[in-house]
There are 2 protein chains.
Amino acid sequence: MVGSLAALNFARKGYEVDLYEYRQDIRTAELVQGRSINLALSQRGRKALAEVGLEDEVLSTAIPMRGRMLHDVKGNTSIVLYDPCTKQCLYSVGRKHLNEVLLNAGEKFPNIHHHFEHKLSSVNFNEGSMRFKRPFQEDAEAKADLIVGCDGAFSAVRQQMIKKYGFNFSQEYIEHGYLELCIPAKNNEFQMPANYLHIWPRDTFMMIALPNQDKSFTVTLSMPFKVFADIKTPKDLLEFFIKYYIDALPLLGEEKLIKDFFKSKPQYLLSIKCNPYHFESKAVLLGDAAHAMVPYYGQGMNAGMEDCSLLFSIISQTEITLDKALLQFTESRWRDAHAICDLAMYNYVEMRDLTKRVTFKCRKFLDTTLFRFFPTIWVPLYNSVSFTSMPYNKCIANRKWQDKILRNIFYTILSGALVTATALYVTNL
Amino acid sequence: MVGSLAALNFARKGYEVDLYEYRQDIRTAELVQGRSINLALSQRGRKALAEVGLEDEVLSTAIPMRGRMLHDVKGNTSIVLYDPCTKQCLYSVGRKHLNEVLLNAGEKFPNIHHHFEHKLSSVNFNEGSMRFKRPFQEDAEAKADLIVGCDGAFSAVRQQMIKKYGFNFSQEYIEHGYLELCIPAKNNEFQMPANYLHIWPRDTFMMIALPNQDKSFTVTLSMPFKVFADIKTPKDLLEFFIKYYIDALPLLGEEKLIKDFFKSKPQYLLSIKCNPYHFESKAVLLGDAAHAMVPYYGQGMNAGMEDCSLLFSIISQTEITLDKALLQFTESRWRDAHAICDLAMYNYVEMRDLTKRVTFKCRKFLDTTLFRFFPTIWVPLYNSVSFTSMPYNKCIANRKWQDKILRNIFYTILSGALVTATALYVTNL
C-alpha cells in the first residue's frame, strides 16, 4: 500500500516509476469470505490519501467505528467512544480494497509501470541496481536513480542498509502471537453492532474484532505463544472459549472456530526501529520497512502513509537536492516513528489490561470532560494520535504535560481538602 | 580469538573441529611496530585461558597495568589504582601474540583443521551447510553438525539468524569514532610509565594509551566524527594537540603524528545485542558476533572468552542434549551480555568525563576504603567486572545495593548533623 501510494506521489511529480511487488496482483487474487484482513484508517492515512485524491473513494466503502465496545468475561458489553465531542471515528477498510483503489489509480498514469511477482533478491545502492527472482522465469534486473524500499517488516532493501556503517537498527519480537478467526454474517446481517472496534480484554491476552464490508467480522486472538501451545485439542479450545469468550463462541460457531483455529499457526509480531531511513541520495525506506510496529494502536498503515505525506512535502521544496531531502526526511521522521512504535507497544498493555481498570476509566472520563470544554487545548493522547496530524513525539510530550497538570490538580484538591478538614476540626473544638 | 579458544575446547572433548578464518594466518602476517593493537586481559579471559592451559603462556609476555594514569590538560598526571587492596591488575596483551598462542595450541590437536582465507558467503542451518569465498580459488563448501559463529561484530552467521522468527537484535552506532596513533619506544625504553592505562579525559572526547611489548604505546583517540572532520590540515592538528594533549605531543612526535593521523580515517564503534544466541541444535553465536560492545570497559575479549567457559561448562553436564545445552547457554547468558554492553557504553562517559570530577573521586575513595575493610562484601563495580567472575548482571545489582547503602549513610549523617546543630543552637539560646 505504501509503495503504491509513493508511486502515485512520484508519478504526479512527473517521475518515471517502476513498482515491483513480490506477490501476484491482489486485484486478481481470490477473496475468501471473512478472511479479508481489515485495517483501521485514521486521520494520517486519510490525509495522505486525500493528497492523491483518493480519500473519498476509500471512505465510500469503509465502515466507521465510533468507539471501543468492551466485552467482559460474562459477555456484558460497555462502550467507550473514541471522541464523544467531535464525533471523529476510525474506519475499517479492507486491505484488498485499499490496494485495488491505489493500483487502479496508478494505472491511469502512463509513467507508472507495475511489475508483479518480482521478488527482490539483491540490491546495490551505489550502482542503483536491483535483481529480482520471478516464478518460472529468469531473474529480472533493473536500475534506478532512487530505490524506495516499501517492502515491509522483513524489507530486503533494509537488509542491505544494515550493512552500512552508522545504520542503527533493532528488531524486537513480542512474546505474544496472533491468529485470525471469523464471525461470519448471519442472514446477511452483522452479528454484533457494526460501528465499533470490539475488544475482549483478558489481562495477559485479548481478542479484538473489526467489521468487514461483507458483514462479517475479522477476529484477532492475541496471546502468549505458550497459551496457544496449551490448546491442543478441540475440547481444550471450546473450554478456553467458554471460560474467556463465552459471548463470542456462538457467533464464531463451534465447528468453524475449531477449523479456523487448528488450520493455521499463530503468527509472530515484531517492532522495528532504524535510523537513518536513507542512504545518500540512492535509497530510502518507507512504511513497515522503516518502522514496523505491533498492531495495537492501529497506526502501522497510517504511519506508513504519513511517511509519504512528509517525504513529498520535503521533496516539493524548491531547489532542494535529493540527498538533502532524504536527510531531512530521516531527521524529521525518526523520533516520531520510534515514538509510535513505543506507543503501539504500550497500547498492547492498555487494550488487554488497562481498559478494564477503574483508574483507566476515571482518566478516560477526565480526559473526555476536559476535551469537551477545551477541545483545542486538551486533546487526549489517543485522539491526538488517531484524529490529528500532530507529530507522534509531540503527542507523547502533550500527554506528559496533561499528566503533570492532573497531578497538580489532584494534589491541590487533596491539600485543599486537608486544610478544610483541619479548619472544620479546629472550629468544632 | 574466541573461535580459536572455542576450537580448543571442542577438540579437548574429542570433537572434529574445522576452523574457518576470513583473513590470512596472523602468524605469517607482517607486524608493524607500534601498530600491534593491544587488549586488556582481565579475570574472565584469564580463567577461560587457564581452562585450556594457556594462561601462563599468555601472561608471560603481558604487561601488567596497575591503574589509570590520568593526564590533565596542562600535562599533570595522577594515578588511580584499580585495586589498592589486593593489587589485582589488567594485562596489556598483543592481539597478534594472543592469536599465535591459541593457533599454535590448536595445531597440537589432530582433530582441529585450520582453513585460512575462507570467507563465509552463505549458510544453511537446517542442512548444516556453509559456502566460503576464497581468493583466486573456487568457492569451498562444508557441512557441520554444529556451526559456531565467532565471526565478530559483522557476523555472517548472525546475518542468517536475523531472518529467523523470534530473533531479537539491535545494532547501535555511537557518534564517536576512533583513530589509532603510536608513541614509539625511545632508546629502547617506554616514554611513559609502562604499568598504567594512560587516559587523557576531555569531557566530550578522550585519548587512551596501552603499553606494548616493544616498549611503544598504542594510542587511541576517541571523539565525535564532527571533531575529526574539523581537523583538516597539519596546522589544525598541531593546534588541537597543543590545546588538549600538550604532554603527549612530544612523545607522539609532530611529524609522525601528522603522518599517522592523516593516513587513516576514524573508525566506527557499535554495540550489538541479540537474543537468542542459538538456533535449535544447529548454530550458536559467541563473542562479538553475539554481543559486540564499545571498547571502554576493556571487556569485549574477556566477555567473548567467558562465553566459552560458560558454554563448555554447560555442554560438560552429563546427559544434556545439544539443543538443550544451547538453549541453556542463551538463557544463562543474554542478560549478562546485555549488561556488559550497557556498562561499556556507560564507562565511555565515565572515562572521558567523570574521572575528572570531584564526586567521582570521592566515590572512588569511599569504594576503595570500604573494599579495604570488607574485601569480600564491598567489591566496587569496576573490580567485580574486571577481577571476578561474578555475572555482569549481578555486578550491576551489587552496585545498586552499594548506592543505596551509601545514600542511606549520607542521609543519616546529614540528619544527625542537623539534629546536633539544632541541639547546639537551642542550648546556646
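Per chain, numbering begins at 1; letters A, B, ... match sequence-line order.
Here B:K273 contributes atom NZ and A:E172 contributes atom CD; the two are 11.0 Å apart, rounded to the nearest 0.5 Å. Between the OH atom in A:Y165 and the CZ atom in B:F154 there is a gap of 4.5 Å [rounded to 0.5 Å]. Here the NZ-OH distance, from A:K164 to B:Y268, works out to 11.0 Å after rounding to the nearest 0.5 Å. Atom OG of B:S170 and atom CD1 of A:I272 lie 12.0 Å apart (nearest 0.5 Å).
In this structure, the side chain of B:Q171 engages the main chain of A:F167 through a donor-acceptor pair within 3.5 Å.
Counting non-hydrogen atoms of other residues, nucleotides and ligands closer than 6.0 Å to OH of A:Y22 gives a total of 12 or fewer.
When the candidates B:L270, B:I162, B:L269 are compared by the number of heavy-atom contacts under 4.5 Å with chain A, B:I162 comes out ahead.
Neither the backbone nor the side chain of B:F225 has a heavy atom closer than 4.5 Å to any heavy atom of chain A.
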